[in-house]
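Because the structure is predicted, anything quoted here is derived from the model rather than measured. The analysis underlying the following values was restricted to heavy atoms, covering all of them including side chains, and did not include hydrogens, waters or symmetry mates.
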Amino acid sequence: MSILRSSIHRREGCCSVAGERRITLYMDDHLAPQSTNLTRSSTSRQRDDPNDVSVHQFIAPLAWKTVSDKRYLCPKSSKDEILARCGQQEPIPFEKTLASLNAVVERKIGEGVYGEVFLCTKPNGQRSVLKLIPIEGSHLINGEKQKTYEEILSEIIISSEVSSLRQQNVQFCTDGFVELQSVHCIVGKYPERLVNLWQEYDQKNGTENDSPAEFPDEQLYIAFETAFGGTDLDGYRFRNAQQAFSVYTQVLLALAVAEKRYDFEHRDLHTGNILLEPTKEPERTYYLLGEEITIETFGLKATIIDYTLSRIVYNGLCLFNDLSTDEELFTAEGDYQFEIYRNMKSALQNQWNLHAPKTNVYWLHYLLEKLTSLRNYREKTSQVHRVAMRTMKELSEVLLQFNSVHEIVSHYFVAPLNESNKEN
């Protein structure tokens with residue numbers, strides 16, 4: 001993987017978003033989809049077999065599941081499949097899991113409707129993130145029913161598969177999704193130390209979640225350990241729009257790779273689900289249908305997280321979250337984010353098993369709107385800031401003409417990609 005070498009600039013009617021070598025965004029006719037300019041890069045290094053893109057393989061037997069008059073393969077026992085992926089025969093005690101992480105849980109750093117998120121530090125100083133989700137219990141979690149084995153299985157598989165895209169592969173490769181380091185199925189009382197960290201977070205930041213101390217001693221949990229990806233994009237102060245546009249492009253290309261590899265739709269890519277951290281790596285590279293695409297980081301690395309609402313097809317298995325009865329999600333007002341949910345519902349005709357990659361485009365448009373409306377850039381008067389801001393605004397005007405992220409990449413980044421290279 002290689003990455004951008006020059007800054008965004010305007011020359012001969014175009015604005016380069018990835019350097020002169022490979023990637024050019026055209027500004028002619030307000031970025032309307034017409035023609036493509038590119039320089040291909042050769043791949044001289046030998047890669048793994050194109051089919052070898054998954055860390056995990058199914059262990060449990062598969063059965064048929066019918067959803068909306070369509071049939072999909074699924075594990076006969078979601079519990080057995082989860083335990084197999086965890087390398088366990090049964091749920092293990094909380095303390096044993098924490099000991100196996102070989103890390104100190106430092107503090108709580110976030111939360112969601114279904115769980116709590118903690119920062120861990122290993123003896124070598126490396127940081128990781130621990131996400132704990134209660135499952136299978138009758139105790140309501142923040143007013144919601146706990147997820148079942150079947151419901152949490154989709155998040156486990158999706159997390160594993162998009163994480164495995166970081167394996168070097170000439171057909172599909174990106175490290176733009178958070179690295180999944182381990183998954184555990186846990187049983188037991190919430191540890192006192194974690195309850196104390198939860199209370200410290202509540203005192204400092206406030207919380208809408210119920211205290212985990214309320215869970216019974218026999219409560220089951222799924223623990224995701226992932227690499228630390230930095231702080232979320234929400235409220236992040238960029239140096240200039242050039243840096244923000246690089247982050248946007250990183251997200252776009254990661255989505256494109258997963259979209260073509262797995263028919264992936266994130267379906268909840270708000271600013272809280274994009275993490276940013278400083279990087280000394282000047283470039284970042286992606287492989288999409290055999291095409292190498294390299295962009296410049298401008299000092300920031302973007303990572304996509306949280307696949308609670310996501311959808312993929314993997315080994316014939318369609319995994320998705322059925323939102324057809326979640327009326328509250330589609331009636332909320334106050335932010336463009338809620339309009340995106342309604343747009344998704346319309347594109348899918350409220351059939352959430354279907355594949356409509358337009359949903360990814362909607363979220364990319366949302367992200368552009370957020371980045372162009374920011375007022376806390378540190379270098380707002382610089383020329384590179386003005387040029388990049390103008391580019392993002394003009395791209396925003398035409399982005400919704402596309403029906404998938406793959407179409408966007410095909411138009412602005414590379415020549416028409418070879419669909420026959422897709423392995424699924």
Side-chain angles (χ1 to χ4, degrees), residues 82 85-88 91-137 139 141-142 144 146-147 152 155-156 158-160 163 177-217 219-236 268 270-277 301 303-308:
I82 288 174
R85 286 175 173 268
C86 294
Q88 302 172 209
I92 59 178
F94 227 124
E95 295 300 337
K96 184 177 180 180
T97 300
L98 294 180
S100 71
L101 297 180
N102 190 29
V104 175
V105 183
E106 300 283 356
R107 65 181 187 274
K108 175 181 169 177
I109 58 173
E111 62 185 24
V113 174
Y114 293 102
E116 308 291 339
V117 184
F118 298 89
L119 178 67
C120 305
T121 303
K122 297 183 183 296
N124 62 2
Q126 182 180 359
R127 293 182 291 179
S128 64
V129 172
L130 181 65
K131 180 179 178 181
L132 297 170
I133 301 177
I135 64 167
E136 287 287 334
H139 184 89
I141 173 172
N142 309 315
E144 300 287 339
Q146 294 184 27
K147 290 193 172 187
I152 198 66
E155 186 168 353
I156 293 173
I158 294 173
S159 298
S160 173
S163 173
F177 296 90
V178 69
E179 180 183 4
L180 181 64
Q181 297 180 341
S182 68
V183 184
H184 295 88
C185 184
I186 304 174
V187 63
K189 185 72 174 176
Y190 221 85
E192 183 178 356
R193 170 164 174 75
L194 299 192
V195 172
N196 292 337
L197 294 177
W198 186 93
Q199 293 171 342
E200 290 176 10
Y201 180 94
D202 184 24
Q203 293 170 2
K204 182 178 180 180
N205 304 292
T207 179
E208 296 181 359
N209 284 10
D210 300 329
S211 172
E214 299 176 6
F215 289 116
D217 293 355
Q219 177 66 55
L220 292 166
Y221 303 85
I222 294 297
F224 293 89
E225 185 192 15
T226 66
F228 178 73
T231 58
D232 64 56
L233 189 153
D234 191 24
Y236 189 90
D268 199 24
H270 55 74
T271 52
N273 284 336
I274 298 171
L275 301 182
L276 304 177
E277 63 177 335
K301 179 180 179 180
T303 299
I304 298 171
I305 63 170
D306 197 344
Y307 317 113
T308 304

Could you report the tightest heavy-atom contact between Val105 and Cys120, atom names first, then the distance?
CG2-SG, 3.9 Å
Between Ala227 and Val178, the two heavy atoms sitting closest are O-CG2, 3.5 Å
With side chains defined as the heavy atoms from C-beta onward, is the minimum distance between Asp202 and Lys108 less than 4.5 Å?
no
side-chain contact (heavy atoms from CB on, under 4.5 Å) evaluation trace for His184 with Ile92:
CA-CA 8 Å; His184 295 88; Ile92 59 178; 4.1 Å; yes
Ile133 and Glu155 have their tightest heavy-atom pair at CD1-OE1, 4.2 Å
Within-4.5 Å side-chain heavy-atom neighbours: Glu116 and Asn209
yes
Classify the ring geometry of Phe118 against Tyr190: parallel below 30°, tilted from 30° to 60°, perpendicular beyond 60°.
tilted
Assess whether a salt bridge exists between Glu277 and Arg127, defined as any Lys/Arg side-chain N lying under 4.0 Å from an Asp/Glu carboxylate O.
no
Straight-line distance of Leu275 CG to Ile305 CD1, nearest 0.5 Å:
4.0 Å
Out of curiosity, Ser100 OG to Glu225 CD, how far, rounded to the nearest 0.5 Å?
8.0 Å
How many angstroms lie between atom OG1 of Thr308 and atom CG of Asn273, to the nearest 0.5 angstrom?
7.5 Å
For Lys96, is the NZ atom crowded, meaning more than 12 foreign heavy atoms sit under 6.0 Å from it?
no
Side chain Lys189, main chain Phe215, donor-acceptor under 3.5 Å
yes
Evaluate side-chain contact (heavy atoms from CB on, under 4.5 Å) for Val183 paired with Arg85, printing each intermediate quantity in order.
CA-CA 8 Å; Val183 184; Arg85 286 175 173 268; over 6 Å; no
Which atom pair, heavy atoms only, marks the closest approach of Gly188 to Phe94?
O-CD1, 4.0 Å
Can you name the closest pair of heavy atoms from Ile156 and Leu180 and give their distance?
O-CD2, 4.4 Å
Evaluate the side-chain proximity of Ile152 to Tyr114: yes if any heavy-atom separation is below 4.5 Å, no if none is.
no
Please examine the side chains of Pro134 and Tyr221, heavy atoms only from C-beta on, and report whether any two atoms are closer than 4.5 Å.
yes
If you apply the rule side-chain contact (heavy atoms from CB on, under 4.5 Å), what do you find for Tyr236 with Thr271, and how did you get there?
CA-CA 10 Å; Tyr236 189 90; Thr271 52; over 6 Å; no
Distance (rounded to the nearest 0.5 Å) between Leu276 CG and Asp232 CG:
8.0 Å
Given Gln219, which partner from the list Gln146, His139, Glu136 fulfils the side chain to side chain donor-acceptor pair (under 3.5 Å) test?
Gln146
Considering only heavy atoms from C-beta outward, does the side chain of Ile222 approach that of Lys147 to under 4.5 Å?
no
Would you please classify the geometry between the Tyr307 ring and the Phe177 ring as parallel, tilted or perpendicular, with 30° and 60° separating the classes?
tilted
Is Arg107 paired with Glu200 through a side-chain N to carboxylate O contact shorter than 4.0 Å?
no
What's the shortest heavy-atom distance between Ile186 and Ala223, and which atoms?
CD1-CB, 3.5 Å
Gap between atom CD of Glu208 and atom CG of Asn142 - 0.5 Å precision
9.0 Å
Using 0.5 Å steps for rounding, measure from the CD atom of Gln199 to the CG atom of Asn196.
5.5 Å
Quick one, Ser182 with Leu101, criterion side-chain contact (heavy atoms from CB on, under 4.5 Å). Give me CA distance, side-chain angles, the key distance, then yes/no.
CA-CA 9 Å; Ser182 68; Leu101 297 180; 4.1 Å; yes
State which residues pass side chain to side chain contact (heavy atoms under 4.5 Å, CB included) with Val187; sequence neighbours excluded, sorted by chain then number.
Pro91, Leu220
